[in-house]
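Ligands are counted one by one from 1 in listed order, and the atoms in each one are counted from 1 as well. Quick note: residue numbers are just sequence positions, from 1.
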Amino acid sequence: MQNNALVVVDMLYDFIDGSLACHNADAAVTNTLKFIDLHTKDQGGEDHEILDTFPILFIRDHHPADHSSFKEQGGIWPSHCVAGTRGGEIHADLLPYASEELTFDKGCDRAVEQYSGFDGQNNAGQSLGEILELLDTSDVYVCGIATEYCVRNTCEDLLKAGFKVHLLSDCLAYVDAEGHRKALAEMAQEGIKVE
Ligand code: VGL
Ligand code: ZN
């Protein structure tokens with residue numbers, strides 16, 4: 001039997017209109033909402049009934065102000081997604097679908113870069129993989145930002161953990177268009193279903 005879940009990676013303001021704004025971010029958010037809507041309608045129910053049969057899990061890049069990936073600390077990125085700032089918040093249109101137990105923060109330790117949602121934890125200290133197992137998930141749909149970094153690393157870890165991974169190509173934003181295309185082609189080679 002197929003048990004679906006949706007994983008929304010880093011659809012946070014700094015990646016949408018902030019310090020690390022990515023290409024296609026507005027369209028990615030709009031299309032993600034359409035995807036959610038479609039599955040809600042399929043079930044003929046109220047908005048949030050989707051959560052029972054099609055859980056939505058959120059990943060958040062969630063850095064301390066002095067994270068080692070920031071340029072001021074010798075890293076490669078502008079300061080972004082600092083915990084407690086607007087830049088680190090989930091887009092308001094998606095927020096109604098987010099719950100604490102299905103939100104996973106990563107990059108919280110200043111010394112460690114974590115691109116994969118698999119490295120995140122919810123407020124009870126549980127990991128994405130653990131929760132997907134508990135939900136008896138077979139198929140994971142993935143959308144988010146950025147294709148080349150957190151989306152890719154999350155998809156590859158999901159695949160390694162044995163899930164069937166469907167990547168929603170209309171629901172992605174990226175740092176670089178060429179890098180995005182290359183990442184999609186390589187992920188498809190690896191067995192990720194780019195849809
Ligand atoms: C990401 C750069 C730095 C991402 C996170 O979510 O793809 N990219 N931190
Ligand atoms: Zn980051």
Side-chain angles (χ1 to χ4, degrees), residues 6-32 56-95 97-98 102-122 127-129 140-160 165-187 190 192 194:
L6 173 65
V7 173
V8 180
V9 179
D10 290 356
M11 284 194 154
L12 311 172
Y13 283 112
D14 269 339
F15 294 126
I16 296 167
D17 63 11
S19 61
L20 242 168
C22 288
H23 300 287
N24 202 51
D26 286 331
V29 172
T30 303
N31 291 332
T32 297
I56 307 176
L57 301 90
F58 287 84
I59 308 296
R60 290 195 306 191
D61 212 33
H62 202 71
H63 297 310
D66 63 346
H67 193 256
S68 56
S69 74
F70 298 171
K71 281 178 184 154
E72 310 88 83
Q73 316 296 329
I76 63 169
W77 303 112
S79 170
H80 63 277
C81 301
V82 172
T85 67
R86 174 186 179 272
E89 285 172 16
I90 294 167
H91 191 285
D93 294 349
L94 291 164
L95 207 51
Y97 300 100
L102 298 185
T103 298
F104 303 84
D105 290 338
K106 63 178 172 62
C108 307
D109 180 342
R110 73 158 302 282
V112 197
E113 177 63 289
Q114 290 178 322
Y115 287 139
S116 174
F118 250 59
D119 294 326
Q121 291 193 336
N122 68 7
S127 72
L128 179 69
V140 184
Y141 291 78
V142 180
C143 63
I145 311 173
T147 310
E148 310 100 297
Y149 299 97
C150 291
V151 170
R152 180 171 189 171
N153 280 272
T154 303
C155 285
E156 289 176 347
D157 280 348
L158 285 165
L159 197 68
K160 273 185 220 146
V165 184
H166 307 261
L167 183 56
L168 302 172
S169 56
D170 288 347
C171 304
L172 299 173
Y174 37 88
V175 174
D176 171 77
E178 189 51 41
H180 164 78
R181 281 191 288 272
K182 187 165 174 276
L184 287 187
E186 289 171 0
M187 283 190 273
E190 293 163 9
I192 290 158
V194 181

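For the salt bridge (charged side-chain N to carboxylate O under 4.0 Å, His left out) with Lys106, the lone residue among Asp119, Asp61, Asp157 that qualifies is Asp61. When each of Leu12, Asp14, Asp10 is paired with His80, the side-chain contact (heavy atoms from CB on, under 4.5 Å) condition holds for Asp14 and for no other.
At the top of the distance list for atom 6 (O) of ligand 1, counting protein heavy atoms only, stands Asp10 OD2, 2.4 Å. Of all protein heavy atoms, the one lying nearest to atom 5 (C) of ligand 1 is Asp61 OD2, 3.1 Å. Nearest protein heavy-atom contact of atom 4 (C) of ligand 1 is Cys150 SG, 2.8 Å.
For a threshold of 3.5 Å applied to N or O pairs, the pair formed by His80 and ligand 1 contains at least one separation below that value. Residue Leu20 has no N or O atom closer than 3.5 Å to an N or O atom of ligand 1.
No side-chain donor-acceptor contact under 3.5 Å links Glu148 to the backbone of Ala183. The backbone N or O of Ser116 sits nowhere less than 3.5 Å from a side-chain atom of Thr154 that would complete a donor-acceptor pair. Side chain of His67 to backbone of Val112: a donor-acceptor contact under 3.5 angstrom is found. With hydrogens and angles disregarded, a donor-acceptor distance shorter than 3.5 Å links the side chain of Asn31 to the backbone of Asp170.
For residue His80, an N/O/S atom approaches the Zn ion (ligand 2) to within less than 2.8 Å. Coordination check, Asp61 versus the Zn ion (ligand 2): passed, since an N/O/S atom of the residue sits under 2.8 Å.
Separating the CZ atom in Phe70 from the OG atom in Ser19 is a distance of 7.5 Å, to the nearest 0.5 Å.
The Zn ion (ligand 2) is closest to atom NE2 of His63 (considering only N, O or S atoms).
Counting atoms of ligand 1 from 1 in the listed order, those under 4.0 Å from a heavy atom of Ala146 are 4 (C), 6 (O), 7 (O).
Using a 4.0 Å cut-off between heavy atoms, Val151 makes no contact with ligand 1 at all.
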